[in-house]
Amino acid sequence: MPTKYMKLGSSHRVLREDGFYNVTLCGNQVAFNVDVRLNYYRGLPFSCLEKLELYVDGERIPDHLIMFSLNDKWLNYHKPGEALQEYWGIRTSAHLLVFNYGLPEGEHEVELVMEFRSPYMIFPDGDHGHIDSGCKKVMKIGERREM
Amino acid sequence: MGKASIELGVSLYGYTNRFLEDDGYGFEQMFQELNRLGIKKFEIVGAQMFNHYPTPTTEEIENLLSLCRKYDVEPYSYGGYCDFGKRPDRDLDDNERVGEVVRDLMTAHKLGCKMIRGFGIPGHLYPRVAQMAAFYQIPVCYEIHAPQKPSDPEVQELKKIFEEINSPWVGFVQDFGCFIEKPNPVVFDNYVKMGAKPENLRYIIDNRWSGMSQEEMEDKMREMGGGQPEILAVSTWFGGQSFSPEADIEGFKSIVHLCRYFHGKFYNIGEDCVETTIPYEKILDVIVESGYEGVLMIEYEGRINPEEQIPRHIEMEHRILGELGVLKN
């Protein structure tokens with residue numbers, strides 16, 4: 001039986017410390033950004049995204065506050081099937097822009113729950129393989145950047 | 001049947017970890033390594049090393065080809081996929097699947113590749129795939145990959161299909177990971193480092209062929225106090241690194257005439273340059289006996305130290321194939 005559940009050993013590369021910073025708009029702090037990559041050995045069709053949840057310091061960020069950008073496009077991560085041709089390469093960072101007025105200076109525990117359907121592995125019961133690309137990391141929020 | 005002649009190539013897949021971890025490490029550094037190794041031909045996995053798949057951008061293709069010219073290396077085989085599960089509502093239908101294969105053929109053609117490693121193509125579509133592959137004159141090769149073995153009914157069914165189609169444009173690429181006879185000690189040690197209990201890992205190995213299903217083994221691990229590392233080990237040893245006390249050499253003999261090229265898979269080789277978990281001598285004997293003239297693509301999947309491991313593999317191949325008098329490079 002092929003491997004049904006996959007969580008490879010590169011989860012440390014998912015949350016990007018150099019892509020974690022507060023965002024200002026018209027001079028006012030309105031959001032924070034966190035860059036995200038895949039924990040897998042190959043890229044994946046964006047449409048295989050099945051679950052994405054973001055937690056900061058133990059609190060879940062409401063979905064409606066999160067904007068998701070990949071390949072310079074703002075995509076609806078709740079409905080990835082709308083972007084069937086979009087590909088998430090393993091060296092490509094997606095950007096999560098979270099409109100919660102940003103985060104206090106200092107360190108924060110960031111947890112990303114991110115799961116994908118395997119696009120090429122299927123099992124006799126009809127289930128696809130499952131790719132866990134989640135990560136939890138303590139990161140220091142970077143200097144503010146104007147949007 | 002003519003005398004065999006085998007050229008060694010290297011799959012860039014072997015450099016996966018470095019590629020993942022270091023954005024400054026790319027084709028240029030890999031090709032410099034190929035130059036040091038004296039290797040001309042390589043395989044590239046498109047879904048991994050291009051940012052866009054199944055249709056890489058023109059810039060990505062041109063960048064790769066420009067570096068190939070600079071370092072005098074050539075993309076021999078294109079590691080393709082058929083991402084039939086990309087839609088959330090349903091799997092791709094037959095027409096869509098063939099379309100995915102054609103996209104890989106287009107990319108392989110632009111790169112000048114001589115082979116495609118196919119994946120996820122159902123047997124009944126191979127007549128159509130053969131027709132498209134003939135247009136591009138690039139064989140599409142079903143990869144026999146662990147836990148599958150050549151003797152498995154699905155592979156034998158494909159053999160019949162390929163024999164009926166009787167086309168040079170479809171066939172197999174045999175991955176040697178199908179012939180693992182015992183888990184590699186390095187893989188075992190890695191799971192211990194991740195926190196698995198050695199006695200749990202030994203239980204999985206000792207009972208791999210006891211009739212327990214993967215799910216039953218996972219339950220057993222939980223019962224024995226195992227955690228995520230043990231569950232991953234079960235996945236590995238029931239999946240991509242499945243092993244069997246006796247390699248399926250007879251099965252391999254039954255399909256070797258349909259193999260268009262080979263993946264010289266390995267996980268770790270010691271300082272003595274002897275692979276202790278995959279019976280390379282037996283496998284290579286079968287290939288040489290078949291009169292194969294072509295490329296053996298070395299595929300390191302140990303993920304730890306390709307700069308050390310791939311040269312060791314090449315030295316092993318030089319010893320075995322050199323003695324058989326069939327080595328081309």
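Here is the naming used below: chain letters follow the sequence lines, and residue numbers restart at 1 for every chain.
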Novice: For atom CD of B/E154, is the number of surrounding heavy atoms from other residues, nucleotides or ligands below 6.0 Å larger than 12?
Specialist: yes
Novice: I'd like to know if the side chain of B/Q48 and the backbone of A/Y41 have a donor-acceptor N/O pair within less than 3.5 Å.
Specialist: yes
Novice: In terms of ring plane angle, is the pair B/F119 and A/Y120 parallel, tilted or perpendicular, where the classes change at 30° and 60°?
Specialist: perpendicular
Novice: Working to the nearest 0.5 angstrom, can you tell me the gap between B/F50 CZ and A/R42 CZ?
Specialist: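 Taking CZ in B/F50 and CZ in A/R42, the distance rounds to 13.5 Å.
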Novice: Can you confirm whether A/E53 is buried at CD, in the sense that more than 12 heavy atoms of other residues, nucleotides or ligands lie under 6.0 Å from that atom?
Specialist: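 More than 12 within 6.0 Å, yes.
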Novice: With a 4.5 angstrom heavy-atom cut-off, is it the side chain or the backbone of A/L49 that approaches chain B, or both, or neither?
Specialist: neither
Novice: Testing the basics here: between B/Y53 and A/Y87, what is the closest heavy-atom pair and its distance to 0.1 Å?
Specialist: O-CD1, 3.2 Å
Novice: Just by modelled atom types, is the B/F19 backbone N or O under 3.5 Å from a matching donor or acceptor in the A/R91 side chain?
Specialist: yes
Novice: Of the non-hydrogen atoms in B/G85 and A/C48, which two are nearest, and what is the gap between them?
Specialist: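 Heavy atoms of B/G85 and A/C48 come nearest at O-SG, 3.7 Å.
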Novice: Is the OH atom of A/Y101 crowded by more than 12 outside heavy atoms at less than 6.0 Å?
Specialist: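 12 or below, so no.
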Novice: Using only atom types and a distance under 3.5 Å, with no angle test, would you say the side chain of A/S47 pairs donor to acceptor with the backbone of B/K86?
Specialist: yes
Novice: When rounded to the nearest 0.5 angstrom, what is the spacing between CD in B/Q228 and NZ in A/K7?
Specialist: 7.0 Å
Novice: Under 3.5 Å, is there a donor-acceptor pair between the B/E21 and A/H12 side chains?
Specialist: yes
Novice: So which of B/M194, B/H52, B/H145 has the biggest tally of heavy-atom pairs under 4.5 Å with chain A?
Specialist: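 The residue among B/M194, B/H52, B/H145 with the greatest pair count is B/H52.
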Novice: Below 4.5 Å, heavy-atom pairs only: which of B/P88, B/C82, B/G120, B/G46 has the largest tally toward chain A?
Specialist: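 Ranked by contacts with chain A, first place is B/P88.
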Novice: Examine whether an atom of A/Y40 lies under 4.5 Å from a heavy atom of chain B, and if so say whether it belongs to the side chain, the backbone or both; otherwise answer neither.
Specialist: backbone
Novice: Heavy-atom distance under 4.5 Å to chain A: side chain of B/D91, backbone, both or neither?
Specialist: side chain
Novice: Non-hydrogen atoms of chain A under 4.5 Å away: do they reach the side chain of B/Q148, the backbone, both or neither?
Specialist: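 B/Q148 has no heavy atom closer than 4.5 Å to chain A.
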Novice: Are more than 12 heavy atoms from other residues, nucleotides or ligands located less than 6.0 Å from atom CD of B/E59?
Specialist: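 No, the 6.0 Å shell around CD holds no more than 12 heavy atoms from other groups.
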Novice: Less than 4.5 Å to any heavy atom of chain B: does that hold for the side chain of A/P119, its backbone, both, or neither?
Specialist: both
Novice: Side chain, backbone, both or neither: which part of B/D152 has a heavy atom under 4.5 Å from chain A?
Specialist: neither
Novice: Just so I understand: if I count every heavy-atom pair under 4.5 Å between each of B/T16, B/L20, B/L92, B/I231 and chain A, which residue has the most?
Specialist: B/L20
Novice: Are more than 12 heavy atoms from other residues, nucleotides or ligands located less than 6.0 Å from atom CD of B/E216?
Specialist: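 Result for CD/B/E216: enclosed.
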Novice: Angle between ring planes, B/F84 versus A/H128, binned at 30° and 60°: parallel, tilted or perpendicular?
Specialist: tilted
Novice: Between atom CG of A/D132 and atom CG of B/L232, what is the distance when rounded to the nearest 0.5 Å?
Specialist: 9.5 Å
Novice: What residue, out of B/D89, B/N51, B/D83, has the most heavy-atom pairs lying under 4.5 Å from chain A?
Specialist: B/D83
